[in-house]
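Worth saying up front: this structure is predicted, and the values here are computed from it rather than measured.
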Amino acid sequence: MELVLLVLSAILVNNFVLSRFLGICPFLGVSKKLSTALGMTAAVMFVMTLASTVCWLVFHGLLRPYGLEYLQTISFILIIAAMVQLVELALQKLSPGLYRSLGIYLPLITTNCAVLGCAVMNIMNESSLLVTAVFSLAAAMGFGLALVLFSGIREVLALADTPRSFRGTAIALVTAGTLSLSFMGFAGLVK
Amino acid sequence: MLVPTVVLSGIGLLAGLGLALAARAFAVETDPRQDRITEALPGANCGGCGFAGCGDFAGAVVRGDAKPDGCPVCDQETRRLVASIVGQTVQDRAPQVALILCQGGDDVAAKKYRYNGLASCASAALLGGGDKACSAGCLGLGDCQRVCAFGAVEMTPSGVARIIPARCTACGLCVAACPKDLIKLVPVEATIHVLCSNHDRGPAAKKACTVACLGCKKCEKSFTGDPRIRVADFLAYIDYEHAPDDPALAALCPTGSLVYRGDAAPAAERTT
Amino acid sequence: MKFSGGVHPAYHKDTAGLQIEAMPLLHRYVVPIAQHLGAPGKVLVAKGDRVARWQPLSEPVGFVSVPVHAPTSGTVKQVAALPHPLGRPMLAVEIESDGEDRPWEGLAPPADWRRLEPAELRRAIQAAGVVGMGGATFPTHVKLSPPAEKKVDLLILNGAECEPYLTADHRVMLEQAAEVMEGLGLMMRVLGVTRACVGIESNKPDALEALRRACPADVAAEFTLLETKYPQGSEKHLIYALSGRRVPPGGLPMDVGCVVQNVGTAVACLEAVRDGLPMTERVATVTGAAINVPHNLRVRVGAPLLDVLAHCGGVTPDVGKVIFGGPMMGIGQFDMDVPLIKGTSGVLCLRDDEAVLFEGGPCIRCGACVDACPMGLVPSAMGLIAERFRFEELGDWHILDCIECGSCAYVCPSRRPLVQHFKRGKAEWRDILEERRAKTDRDAKRAETAATA
Amino acid sequence: MTLESGTGPDGAPTEPATPVAEPITPRDLIVSASPHVHAGQDVPWIMRQVLLALLPGLLAGLWFFGLGALRVLVLAVAGCLACEWACARLVKRPATLRDYSAVLTGVLLAMNLPSGSPWWLVLIGSAVAIGLGKAVYGGLGYNPFNPALVARVFLLISFPVQMTTWVVPQGPGTALDAATGATPLGAIKEAVGLGRTVADAGAPGLRDLLVGNVGGSFGEVSALALLLGGLWLLWRGVIRWQVPVAFMAATALVTGIAHLADPAHYASPLVHLLGGGLMLGAWFMATDMVTSPVTRRGLLIFGAGCGLLTAVIRLWGGYPEGVSFAILLMNAATPLIDRWTRPRVFGEARKLYREADAA
């Protein structure tokens, strides 16, 4: 039950994008097409879960025993970067189309605050390994939910007769804001 | 100091090792020439070459699907550079500019019905060729303006398209977009043009539009020997290979379909 | 069986009670060479030639091609590109009538269709220039020649006449019931089928009764009164309504073992064989609020529109639209010199204030078009995509399955010109497909040369 | 252009039956693509129908909350119209005041506000509804979210105090500074939150909920009047049944299960159906065409999603009322629903014809 609530909380109540405003860069960058958004979701889910877990292991296995907590950020980034490179290599081979459409946003997962934020949050909350893994996956799913919903809207928006000055990112931000407003309805759902 | 260094480099080494293995497993061959060509191209992604953007064109050049001088927009130097990347040479070609061969605005051209429908020439042309009484008249709904990536087409107040020569890159997109085939690419240096595409006999053409070419041959007959303007099928054609450059020619035309747009013309009408 | 979608426009079948009246002979006729879907024939006459009534003016080139014939005797005034109902001038033969209406000596002798072989019947039908008279004008002999691998077991006679205003088929069924049923029997013989269905919309029970009474003993036909709903007369929907079979997307009726023929076509086939007479006339409804005296006219193919309107008392001053065909799928005309042709089922004259003006307002996603589309498409989304010129996406939305019936635009509260979007979209999507095909061919060819090199 | 008269078979000219009124010159004719006739409905007609259908609910609200409600209504409608006009001016497009869509947004917004709302709250709401909810997207037809609800949720989150100060209904004479109280759902939520039972909340009876003699946004209180309007819309063919039915069914189902499991802490589904903004939401807000799916299957999913989310937020969320949030969330999902509920193309996949049928 605890874990179910944790998952619900991470997806709906404390959605990484819409409530914590983390990972806005890919949220705006790869949401123009649903297929790209789905690809990005998969990539982020992979990187986030694995990176958070490995980071937890490194933190509790290496950094804390040797009193090296101050190396947290740099070592986490290192791990995340390696994960992202791995995904990039695999995608380039397995799905060149998706690789091309993700473009610069794929390597940019490295500097995605959502991924680092997730890893750091797990450490800060003193979560267990299991909770870390589940929370990271759920957080990535929350990111994915927001991204997929948003990309659906943006595909339709691309057909709209939007005033010139609002075209592109401007209207996307307005939409994201409204989406965030509606996600606030979940406030208080957990705890 | 030693421990943190060892820990960090250890993590780095491990990650590096994993990546090296992954790189071998997921190895993909890419042609570095494609990136170099993409960099050399203008990057406007106008699609004038017929491919989906500059990157796609570069890939096509590398694969041999497109000629290295296939980019209609870039200058001669870039073409040469692109060709040299794939080890070829290109021929120089004269700079061109698009020209709309119609000046039949609503003030001079008659309409054959009241059009009600989409504001797009190609859609209007589905209904009996459009509402202009002239079968070769500009419909004025701006398909050429819409496809131009460089803002080089404007619509005159009387509803006929006009090229802004200074902005035109001769990419040819408007040529393909015009359902009435009114747009041609002509040499930039040419100064005399026949701005009409109507093949009807004189009286019929005149009834449809007051600035139509009637095929009267006054321009053709003004030449002694080999005429540089010829009338075929009731329409005059400029021989752009040997383009005439005489402002006086335009004065011969009874309807004003033969125009001079060289240095001696008013600034707004010049093409060069 | 009822198909989903469709609309119920106001029917205005005011001319249903008017007897078919023969149009008097005119001074001149303009006979376009291309009056059918398929290759236009080769012209056989030249300026100055004397022609007789029913004399062929062109000969077919290839299988999907039919000849056209002189509607009366006279002199060929010109062979030139002349106004055509489809909008653009097309090659046509203009005949100046000599008033004698002298028949051609070379006519085929009358024959009994019950004694002729299917192949002979097909030849006679092609030689008579018979095309589908419902409006699509596909050569009838082609439709009656299914390839051997398609087993056709059902002939459907289309008497739905679901277009508002038009009553030509209705009158033909009432006044020529015996000929319709004989023609049906003839076509069954050509196809070698033993089963035929006659489908008529429920607003014409008298037509169904007339046909049932006139049905010869040796013609096994079933009669069905169909729901009055547009587009009940669409081939695919008629087949579904009568037999429950669904023609697959991109498929033809013969893919589900059916052939659909219009009632007028049945009469034309019969006349071609029984009397040896080519198709030089048809019944057309001239109606609408802007015509002074509505008529069901038997009019010779090639009669100029202006003369037909004049015969019907002319148009009122507030005429806004003149349409060839019905109001849902008909083609708006602008040149009074266009001739009525084999596919012209009616001339509809609408007043200025009746003519729908498309406004192209924004789509409010009300979904009325989705409910109305008989093909199960999503016109709202397709219209938006086409409006943004993103034609390459239209394939995903099955644009080629659109039958252009107009149901979507009929109900659209924003008055969006959806059908125009789709006509354009179809053309553009076909171009894209063509390009892709050419590219794959090129790639394949290159791969081949690379392999051999 | 002169007419050629017909000639008889003998070659002698015959006169036309009646003289021709006026020769038409071709350029006078209109040419458009087919079809050439139309069913008759247009966008203003639809908007007028919805406004008419809102009348009973509106009158009930005015009856119970008096002048305060009228003030909110007038302010909201005027604000929306002014905003629409201003936005059109800003983006240099023709103002579309005559399609009644701005009026409708104003009325819906007003009905979603407490009758005691300060004037600035109403005007901010109007500006958000038309500006942020609609105009930035390009106007009617292109907005992904229901403009009135965007404004309501925006106000609810920005000004929680003003947006939850409910006037107690006292009939047409209700004073502008009337006493305030809780909404039925709010009272229940509060009681349960304090560890007491539903019965302790002292919520009004079903009869009061039905007629609307309860606290709440001024247009949402009378379930009966709203239901009447909704049914009329259905009968006029303006809305399709899938959304309201699925909406109410899903809410009833979830709240019903919860109620059966623990009646002390979960109110009966009838209270949930009649209380709060559910009737207004299910019949008038969720049925907004622009922001709901186009296919009937999609509408069912959309309605059910709205109902489910409403129930979840009401029962377990922090807010006593979840209709606005639920509809906005489902608005966001509409493009995806549309994508995944495309109708089957005629004749596609399922083949009815087999050789056996032919025999």
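Screening D:F325, D:F154, D:F145 for a side-chain contact (heavy atoms from CB on, under 4.5 Å) with A:L181, the sole residue that qualifies is D:F154.
With a 4.5 angstrom heavy-atom cutoff, D:L132 touches chain A via backbone and side-chain atoms both. In this structure, the portion of D:A135 lying under 4.5 Å from any heavy atom of chain A is its backbone and not its side chain. Both the backbone and the side chain of D:V136 come within less than 4.5 Å of a heavy atom of chain A. For a residue to count as touching a neighbouring chain, one of its non-hydrogen atoms must lie under 4.5 Å from one of that chain's; by this rule A:V174 touches chain D with backbone and side chain alike. Interface remark: A:F150 contributes no atoms to any contact with chain D (heavy atom separation under 4.5 Å).
Sorted by first and then second residue, the pairs that involve residues 120-132 of chain A and meet side-chain hydrogen bond (donor to acceptor under 3.5 Å, both in side chains), not counting sequence neighbours, are A:R64-A:E126, A:N122-A:S136.
Across every non-hydrogen atom of D:L336 and A:G152, the tightest pair is CD2-CA, 4.0 Å. The heavy-atom pair separating A:G185 from D:I313 by the smallest distance is O-CG2, 3.6 Å. The shortest heavy-atom contact between A:L149 and D:A333 is CD2-CA, 3.6 Å. Among all heavy-atom pairs drawn from D:A332 and A:I153, the shortest one is O-CG1, 3.6 Å.
With rounding to the nearest 0.5 Å, the separation of CG in A:L179 from CG in D:L329 is 7.5 Å. Within the model, atoms CZ of A:F186 and CG of D:L309 stand 5.0 Å from one another, a figure rounded to the nearest 0.5 Å.
For the options A:L34, A:L159, A:V13, heavy-atom pairs under 4.5 Å to chain D are most numerous at A:L34.
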Chain D against chain A: donor-acceptor pairs under 3.5 Å:
unit_1 : atom_1 : unit_2 : atom_2 : d
A:E155 : OE1    : D:R339 : NH1    : 2.7
A:D161 : O      : D:R93  : NH1    : 3.0
A:D161 : O      : D:R93  : NH2    : 3.0
A:D161 : OD2    : D:R93  : NH1    : 3.3
A:T175 : OG1    : D:Y137 : OH     : 3.1
A:A187 : O      : D:G318 : N      : 2.8

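Around the CG atom of A:L3, the shell of radius 6.0 Å holds more than 12 heavy atoms that belong to other residues, nucleotides or ligands. Heavy-atom contacts from other residues, nucleotides or ligands closer than 6.0 Å to OH of A:Y66 number 12 or fewer.
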